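What you are looking at is a predicted structure, and each value in this text was computed from that prediction instead of being measured. For the single chain, residues carry numbers from 1 onward in sequence order.
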Amino acid sequence: MSDGTHEPGIARTGPPPWVKKTVWVLLGLLALVVLYFVLAAFVPRWWAQRIAGLADGGMARGTLWGLVFGFLCTFVPLALLSWVWRVRDWRYHRGLQITLAIVALVVAVPNLMTLSIVLGGGNAAHAGQRILDVDGPGFRGASLVGAVLGALVFVTVVVVSTRHRKRGDDLRRARGELELQRAEREARELEEKRKSDATD
């Protein structure tokens with residue numbers, strides 16, 4: 001008579017759980033590889049065409065857009081990632097940290113696409129390089145300069161804000177020590193007055 005429970009000694013049918021997990025991991029890795037090759041064949045050329053439309057063949061416009069993208073797409077993601085660290089003690093920090101990390105990655109995408117043109121070795125990357133050479137001159141070098149400036153400004157802001165917070169903490173600590181010393185002095189003076197009144 002069977003009551004729906006597994007009897008000891010009866011072997012389970014089907015693959016063990018670790019086999020299923022391994023298959024899912026392999027399928028996920030395969031999907032990532034396919035996505036990488038699809039994006040590598042499409043993104044560099046597409047991004048170069050977008051920049052070519054913005055620069056319109058002008059060195060000044062290409063340089064300006066390179067500085068803008070390089071700076072903002074470096075400084076903003078770094079700032080967002082620093083907040084991922086700063087909110088770690090908040091009540092609902094996990095969801096906020098994930099959201100900030102995703103937004104940081106999205107904002108950094110233009111720099112990553114430019115990097116796929118500069119460092120890529122495929123046909124799409126070479127086509128993107130040719131497009132930028134003709135219709136977006138100055139963009140790649142200006143992107144690098146903008147990225148370096150964005151990183152330097154971020155480091156400067158972090159150093160200044162850290163020193164400011166430390167100075168504020170030191171001032172609050174010194175103020176607290178002064179208040180404690182004054183309270184102790186007033187208590188001593190009150191005790192001495194009480195003793196002198198008692199002797200009179």
Side-chain angles (χ1 to χ4, degrees), residues 25-88 90 93-167:
V25 169
L26 291 175
L27 287 175
L29 291 174
L30 180 62
L32 287 176
V33 170
V34 171
L35 180 64
Y36 168 78
F37 282 109
V38 169
L39 292 177
F42 168 73
V43 167
R45 184 184 287 110
W46 176 85
W47 180 240
Q49 290 169 346
R50 302 287 77 74
I51 296 303
L54 291 173
D56 198 23
M59 174 69 79
R61 282 192 293 269
T63 302
L64 178 62
W65 281 112
L67 288 172
V68 169
F69 278 112
F71 181 86
L72 291 180
C73 298
T74 300
F75 177 80
V76 175
L78 289 174
L80 291 171
L81 290 176
S82 72
W83 273 98
V84 170
W85 172 258
R86 294 175 90 179
V87 303
R88 68 190 183 280
W90 290 16
H93 68 280
R94 190 67 65 195
L96 182 58
Q97 284 179 316
I98 293 172
T99 302
L100 288 171
I102 291 173
V103 174
L105 180 61
V106 170
V107 176
V109 163
N111 274 356
L112 297 176
M113 290 190 293
T114 303
L115 203 61
S116 72
I117 296 173
V118 175
L119 301 180
N123 292 333
H126 293 315
Q129 292 168 8
R130 289 192 296 272
I131 292 170
L132 290 182
D133 286 340
V134 176
D135 295 322
F139 179 81
R140 283 173 289 178
S143 291
L144 176 61
V145 173
V148 171
L149 288 175
L152 289 176
V153 170
F154 171 75
V155 170
T156 303
V157 169
V158 169
V159 170
V160 170
S161 63
T162 301
R163 287 183 176 175
H164 182 70
R165 280 198 305 271
K166 185 177 182 304
R167 186 178 298 118

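Summarising the geometry, atom CD1 belonging to I117 is positioned 8.0 Å from atom CH2 belonging to W47; distances are rounded to the nearest 0.5 Å. Taking CG of L149 as the reference point, atom CG of L144 lies at 9.5 Å (rounded to 0.5 Å). Here the OG atom belonging to S143 is positioned 7.0 Å from the CD1 atom belonging to I51, to the nearest 0.5 angstrom. Interatomic distance, I131 CD1 to Q49 CD, rounded to the nearest 0.5 Å: 4.5 Å.
The stretch residues 55-79 participates, sequence neighbours left out, in these side chain to side chain donor-acceptor pair (under 3.5 Å) pairs: T74-N111.
Across all non-hydrogen atoms, the minimal contact from G136 to A55 is CA-CB, 3.9 Å. Heavy-atom minimum distance, H126 versus G121: NE2-O, 3.2 Å. The two residues S116 and A125 make their nearest non-hydrogen contact at O-CB, 3.6 Å. Summarising the geometry of P137 relative to G57, their closest heavy-atom pair is CG-O, 3.8 Å, with the distance given to 0.1 Å.
Counting only heavy atoms from C-beta outward, the side chains of W85 and L81 never approach each other to under 4.5 Å. At least one side-chain heavy atom of V153 sits under 4.5 Å from a side-chain heavy atom of F71. With contacts defined as side-chain heavy-atom distances shorter than 4.5 Å, the pair L112/V43 does not qualify.
The number of heavy atoms from other shown groups lying within 6.0 Å of CG (D133) is above 12.
Under a cutoff of 6.0 Å and an axis angle of 45°, R86 and W83 form a cation-pi pair.
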